[in-house]
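In listed order, ligands and their atoms are each counted from 1. Here the structure is a predicted model, which means the values were calculated and not measured. FYI, side chains are in, hydrogens and waters are out, and symmetry mates aren't considered; it's all heavy atoms of this structure.
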Amino acid sequence: MSTVIINIKCLVGTRTKNEILKGKALSTIPCIENAFLIIDGSNISAYGKMEDFKKSVYSSFNEVIDAEGAFVLPTWCDSHTHIIFAGSRENEFVDKINGLTYAEIAARGGGILHSSIKLNEATEDELFLSAWKRLEELSKLGTGAIEIKSGYGLTLDAELKMLRVIKKLKEKSPISIKSTFLGAHTFPIEYKENHEGYIDILINEMLPVIAKDKLADYIDVFCENGFFSVDEMERICKAGLQYGLKPKLHINQLNSIGGIQSAVKMNAISVDHLETMTEEDIADLSKSNTIGTLLPTAAFFLRMPYQPARKLIDRGCAIALASDYNPGSSPSGNMNFVVALSCIQMKMLPEEAINAATLNAAFAMELENELGSIQIGKKANLIFTKSINSLSYIPYSFGSNLIDKVMINGKFIN
Ligand code: NIG
Ligand code: FE
């Protein structure tokens, strides 16, 4: 099956090299105006300027799609989500309006622990169905690859249940999915005073089964005061690494406690959140190959200071953007809003935000050879915009849905 897309007003993110974008390179996004693109099966096989396209060869394609002047971009890669959850937490949303903080709600047994109760009550089928609906919504919003974490189970059975749901999503969804084991999301109530007891379960009961059944690609820990200490995180990650699970970590959301240095030392794929970064944290991250994944909608929703995107970029850190979609701190997985918020509140240039939400985000889930840019051989996962005049119009007109159509693996989704 071969398809040609003609009359693309602007083909965005055309690259021949796969390199993580840092510093100045993040602000450049190669584009071709008035372009065509050819797809063979589910992959991009050629692209170029319309004037170089031979109209005489139309008949050799199974399908000719007229983009009618749309901008065409690679789909968003959302490299940090928690979309397997049961119930919702709008009561805590109101508690926060009334003055409680995220940490206070967590300390009195709400937050992640509340979601854990609901998760344990839900059946695997119910969890699959609700996550499937979320995935459907997100793909229509332009997300073409996603990382999904466990972490609301907090028992062997329930963590395995979550990871099996992710595995099933991987099998059934056309979207590329990566799975992360986040058993160390918080301590279950009965282990609040017995951290060693829970860490023992994580390392000696959960990890061996997860590895045997190939249920995860990565390991994550919520490293934070009141949650897991740096030392606890290191021990859990080292155990994960023995099974080949590389760390992708929740770091520096509420406090800077040395998580960056430890993550860098362990060669973590990414450190995610980064609302509270010291000068030393930024310097240490900039010298590493670890990607800083910024989650601005979590800062927005919790009314926290935004991640210092400008400083991170200007000091040469590799950064990506993700939604953190979860019921407590970011009940939205809309990457269009993530990109807009990054420009509006973190002063990222539109090109920087789009690069960080596509190619760099693909790197943050090790999918850079398949996704994140318009490159020959990569998957034809594409966003077709409505009529717009420039790339900057996308984040500028935040809240408007500017996506006309989304293509995954060379086929339009409904
Ligand atoms: O990334 N901070 C830790 N984990 C999630 C929130 C989980 C929740 O509140 O349910 C986050 O923000
Ligand atoms: Fe998260």
Original post:
What are the two closest non-hydrogen atoms of Tyr102 and Ser329, and how far apart are they?
Top reply: CE1-CB, 4.3 Å
**OP:** Report, in ascending order of atom number, the atoms of ligand 1 lying under 4.0 Å from any heavy atom of Ile112.
**Re:** 7 (C), 8 (C), 9 (O), 10 (O)
Subject >> Atom indices of ligand 1, in the order listed, that fall short of 4.0 Å to a heavy atom of Arg89 >> reply: 8 (C), 9 (O), 10 (O)
Original post:
Hey, which of Lys170, Lys246, Lys167, Lys248 is the one that makes salt bridge (charged side-chain N to carboxylate O under 4.0 Å, His left out) with Asp217?
Top reply: Lys170
Original post:
Counting heavy atoms only, which of His185, His273, Lys149, Gln253 is nearest atom 4 (N) of ligand 1?
Top reply: His185
Original post:
Considering only protein heavy atoms, which is closest to atom 11 (C) of ligand 1, and at what distance to one decimal place?
Top reply: Asp324 OD2, 3.1 Å
**OP:** Considering heavy atoms of the protein only, find what lies nearest to atom 12 (O) of ligand 1 and give residue, atom and distance to 0.1 Å.
**Re:** Ser329 OG, 2.5 Å
**OP:** Validate the cation-pi geometry between Lys168 and Phe128: distance from NZ or CZ to the six-membered ring centre under 6.0 Å, angle to the ring axis within 45°.
**Re:** yes
Subject >> Tally, protein N/O/S atoms nearer to the Fe ion (ligand 2) than 2.8 Å >> reply: 4
Original post:
Between Phe222, Tyr191, Phe187, which is the residue that forms a ring pair (Phe, Tyr, Trp, His ring centres under 6.0 Å) with Phe228?
Top reply: Phe187
**OP:** Start with the C-alpha distance between Glu136 and Arg134, add both sets of side-chain angles, then the distance that settles salt bridge (charged side-chain N to carboxylate O under 4.0 Å, His left out), and finish with yes or no.
**Re:** CA-CA 5 Å; Glu136 276 188 333; Arg134 287 177 198 121; over 6 Å; no
**OP:** May I ask whether Tyr152 has any heavy atom positioned less than 4.0 angstrom from an atom of ligand 1?
**Re:** yes
**OP:** Answer side chain, backbone, both or neither: which part of Glu224 comes under 4.0 Å from ligand 1, heavy atoms only.
**Re:** neither
**OP:** Answer with side chain, backbone, both or neither: which part of Tyr102 has a heavy atom less than 4.0 angstrom from an atom of ligand 1?
**Re:** side chain
Subject >> Tyr393 and Phe71 aromatic centres sub-6.0 Å >> reply: no
Original post:
How are the rings of His82 and His185 set relative to one another: parallel (under 30°), tilted (30 to 60°) or perpendicular (over 60°)?
Top reply: parallel
**OP:** Check the angle between the aromatic planes of Tyr325 and Phe85 and answer parallel, tilted or perpendicular using the 30° and 60° thresholds.
**Re:** perpendicular
Original post:
Is it true that Arg235 and Glu196 make a salt bridge, defined as a side-chain N closer than 4.0 Å to a carboxylate O?
Top reply: yes
Original post:
Is a salt bridge present between Arg310 and Glu352, judged by a nitrogen-to-oxygen distance below 4.0 Å?
Top reply: yes
